[in-house]
**Q** 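Before I ask anything, here is the structure I am working with.
Please read all numbers here as calculations on a predicted model, not as lab measurements.
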Number of protein chains: 2
Amino acid sequence: MAQTSPQYRYGNRPTMKDVAARAGVGLKTVSRVVNGEPGVTPDTERRVQDAITALGFRRNDSARILRKGRTASIGLVLEDLADPFYAPLNRAVEEVARAHGALLINGSSAEDPDRERELALAFCARRVDGLIVIPAGDDHRYLEPEIAAGIATVFVDRPAGRTAADVVLSDSFGGARDGVAHLVAHGHRRIGFIGDQPHIHTATERLRGYRAAMRAAGLPVEENWVSLGPTAPERVRAAAEAMFSGPRPVTALFAGNNRVTVTAVRVIAAAARPVALVGFDDFELADLLSPGVTVVAQDAARLGRTAAERLFRRLDGVVEAPRRVELPTRLIVRGSGELPPAES
Amino acid sequence: MAQTSPQYRYGNRPTMKDVAARAGVGLKTVSRVVNGEPGVTPDTERRVQDAITALGFRRNDSARILRKGRTASIGLVLEDLADPFYAPLNRAVEEVARAHGALLINGSSAEDPDRERELALAFCARRVDGLIVIPAGDDHRYLEPEIAAGIATVFVDRPAGRTAADVVLSDSFGGARDGVAHLVAHGHRRIGFIGDQPHIHTATERLRGYRAAMRAAGLPVEENWVSLGPTAPERVRAAAEAMFSGPRPVTALFAGNNRVTVTAVRVIAAAARPVALVGFDDFELADLLSPGVTVVAQDAARLGRTAAERLFRRLDGVVEAPRRVELPTRLIVRGSGELPPAES
DNA sequence: CTGAAAGCGCTTACAG
DNA sequence: CTGAAAGCGCTTACAG
């Protein structure tokens, strides 16, 4: 059945013109049949359908789009398509897009502002109707001409930089504050914080929540109890080991995100003394570890759904000022965050 | 800075014509500048650039594509954008596409053949240059006209149905056989198998591998030791509990995929007797559970990379017969698969 | 009920 | 070095 031949390649696909010629009708009649518009005799319609089947015609939506204006597609720039945290967000955006008859173009910024920009503008050049961006950079003025030209844009998970726009976030500050307060409530006074790089908004918000909880409890924060930086395992491991040793080791750790938590679990498992742990972000199997890992959970799917719904509201013509939506987090108690402070 | 006004929306974006008018040059000159073609005076070029900036012009790639033929985009139909197993595959495909200057459109079939078809054909209507499909259905003849018309197509993770096409797979049969043989080598004689639904190719291949290993060891397979079906936790739980009880309970279990493994771990943790476990597919934190979970690992990223590279080879004009590539799996020993049979 | 003409925003092929 | 005309494959607006 492999009827592929080099000369019958892209470019000589049958067009409506070909169908019209074969069916012996006008171009517009073919268009009517293809689009299910009324006003075509059953007999004419059949002739056109036959020609379509015989030729293997499929409407070129790119051409259609050029004429119609709307592309029925949206672009999603996320950090990493392979990151399990963003996967449900990705899927949620897809589902909303699908419900609105739109296709999804997506790509990974790899936490590189230039790559984020490149992707977002490539999507704009394809004239996506809307754009959802998980910011890597902190200056999004480059999107202002696009937004002004009508490409609806929503930022998610992190705020937009230097521009007014819709934003959907989790309450990083409140979540971290509550998580740290939980450790304090279980008797800890020396609590460490390991988070992502300081230029990432969620990292500094969570750190702010940590400091707020410590302050509220009247606890000091020693300099070496806080470490922000890349979430590569080596870096996190070194930071954790430093906090767990020395004259005044921490008895508990707050992990600023998923990747930090996972490495923290490994380091704690190998540590001389037990260390209590609360992590930001839930992850699969957190309940199966021993002890189960207590986490501050965000709802990534809801983040995606909310952002996409906001986007389509704009596409449906709702005009209102940019809004900032903050979704609550949830503390899930599983054991690691309820360990008492170890004797030092 | 929110200069968005309802009348200045999509449709009245500046075009090359507008730029040409403002710069006082011809259309083609603008095209030359935008595309970096030679033969433009520095002075003319500057005038055009100024007009572009002033107007906020961005080339409409949809129009460009219509004229040029190639869209520089590929479509990926996978099962679920939120599935952690496919996330690295997704990312790997993206990276290869990016290296070739192509954008990625993707979507989830949700294991529904109709939805797979709908997505794949929608991508074809957008005239993607190529298509990568993780099949949900088992009849892909619907793609033959598209393939014949020049849309390069590669199937990955599962074979195409009823049509000749490029396919990239993991060695499900061999992997399962080796995993079960590993359990046999550790003294097990009563081994259960829980897998995905029987219409899914990888599920039956893995079952075939299980049977082959049992046969090679001269071991019988009792009827209730095998269970194929949806991987929903309730179903897997019921199947596992049935195998773990009764007069001749299994002492070991082979889990046909990720989702089955995770549920199996939970059921085993709560079981009266220890049950050895080997799972198909690796997963994060498998080594942190106690015991660590021994798995047959596939390289999902390599699966995606291989498929995408094959696709772009075709797009680069290489003409050859459809090929089936089978990637090896790797047994990762972590503890759960080395438990001895429990006394019954 | 049907179709010819114009146009969406670009690029191609050609002429000056 | 520069640009006018034709065309990519559709849809829109209009006429018969």
**Q** Treating a pair as Watson-Crick (purine N1 to pyrimidine N3 plus N6-O4 or O6-N4) or G-U wobble (N1-O2 and O6-N3) with both distances under 3.5 Å, list the stems of 3 or more consecutive pairs that involve DNA chain C.
**A**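 The stems that DNA chain C takes part in, listed by first number, are C:1-3 with D:14-16, C:5-12 with D:5-12, C:14-16 with D:1-3.
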**Q** For A:Glu116, which residues count as a side chain to side chain donor-acceptor pair (under 3.5 Å) partner, sequence neighbours excluded?
**A**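 By the side chain to side chain donor-acceptor pair (under 3.5 Å) rule, A:Glu116 matches A:His140, A:Tyr142.
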**Q** List the residues meeting side-chain contact (heavy atoms from CB on, under 4.5 Å) with B:Glu45, not counting sequence neighbours, and say none if there are none.
**A**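 In terms of side-chain contact (heavy atoms from CB on, under 4.5 Å), with neighbours along the sequence ignored, B:Glu45 is linked to B:Val33, B:Val40, B:Gln49.
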**Q** Going by salt bridge (charged side-chain N to carboxylate O under 4.0 Å, His left out), name the pairs with one or both residues in residues 148-161 of chain B, residues two or more places apart or in two chains.
**A**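 As it turns out, the salt bridge (charged side-chain N to carboxylate O under 4.0 Å, His left out) pairs with a partner in residues 148-161 of chain B, which skip direct neighbours, are B:Glu111-B:Arg158.
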**Q** List the residues meeting side-chain contact (heavy atoms from CB on, under 4.5 Å) with A:Ala92, not counting sequence neighbours, and say none if there are none.
**A**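 Checked A:Ala92 against side-chain contact (heavy atoms from CB on, under 4.5 Å); matches are A:Ala301, A:Arg305.
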**Q** Can you measure B:Ile52 atom CD1 to C:dC10 atom C1' for me and round it to whole angstrom units?
**A**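 Atom CD1 in B:Ile52 sits about 14 Å away from atom C1' in C:dC10.
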**Q** Can you list every pair that meets ring pair (Phe, Tyr, Trp, His ring centres under 6.0 Å) and has a residue in residues 38-89 of chain B, with sequence neighbours left out?
**A**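 Sorted pair list comes back empty.
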**Q** Measure from the side-chain heavy atoms of B:Arg127 and tell me the nearest of D:dC10, C:dG9, C:dT11.
**A**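 Ranking D:dC10, C:dG9, C:dT11 by closest atom to the B:Arg127 side chain puts D:dC10 first.
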**Q** Atom CZ of B:Arg70 to atom P of C:dT11: distance rounded to whole Å?
**A**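 These atoms are roughly 17 Å apart.
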**Q** Could you note down all residue pairs passing ring pair (Phe, Tyr, Trp, His ring centres under 6.0 Å) where residues 87-122 of chain B supplies at least one of them, sequence neighbours left out?
**A**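 The answer is B:His100-B:Phe312.
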**Q** Within the structure shown, what part of the strands sits under 4.0 Å from A:Asn35 by heavy-atom distance: base, sugar-phosphate, or nothing?
**A**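 Here A:Asn35 touches the backbone only, sparing every base.
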**Q** Could you list all N or O pairs between the protein and nucleotides 2-6 of chain D that sit under 3.5 Å apart?
**A**
from: D:dT2; atom 1: OP1; to: B:Thr41; atom 2: OG1; distance (Å): 3.0
from: D:dT2; atom 1: OP1; to: B:Thr44; atom 2: OG1; distance (Å): 2.5
from: D:dT2; atom 1: OP2; to: B:Thr41; atom 2: N; distance (Å): 2.9
from: D:dT2; atom 1: OP2; to: B:Thr41; atom 2: OG1; distance (Å): 3.4
from: D:dT2; atom 1: O4; to: B:Arg32; atom 2: NH2; distance (Å): 3.4
from: D:dG3; atom 1: OP1; to: B:Gly26; atom 2: N; distance (Å): 3.4
from: D:dG3; atom 1: OP2; to: B:Gly26; atom 2: N; distance (Å): 2.8
from: D:dG3; atom 1: OP2; to: B:Thr29; atom 2: OG1; distance (Å): 2.5
from: D:dG3; atom 1: N7; to: B:Arg32; atom 2: NH1; distance (Å): 3.2
from: D:dG3; atom 1: O6; to: B:Arg32; atom 2: NH2; distance (Å): 2.7

**Q** Atom CG of residue position B:Asp138 - does it have more than 12 heavy atoms of other residues, nucleotides or ligands inside 6.0 Å?
**A**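 Counting other residues, nucleotides and ligands, CG of B:Asp138 stays at 12 neighbours or fewer.
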**Q** I want to confirm an ordering. Mapping B:Ala63 and B:Glu37 to their closest nucleotides on DNA chain C, which one lands closer to the 5' end?
**A**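 Checking each residue's closest nucleotide, the 5'-ward one belongs to B:Ala63.
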**Q** Who passes side-chain contact (heavy atoms from CB on, under 4.5 Å) against A:Asp139, sequence neighbours left out?
**A**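 Per chain and number, A:Asp139 pairs via side-chain contact (heavy atoms from CB on, under 4.5 Å) with A:Arg141, A:Arg162.
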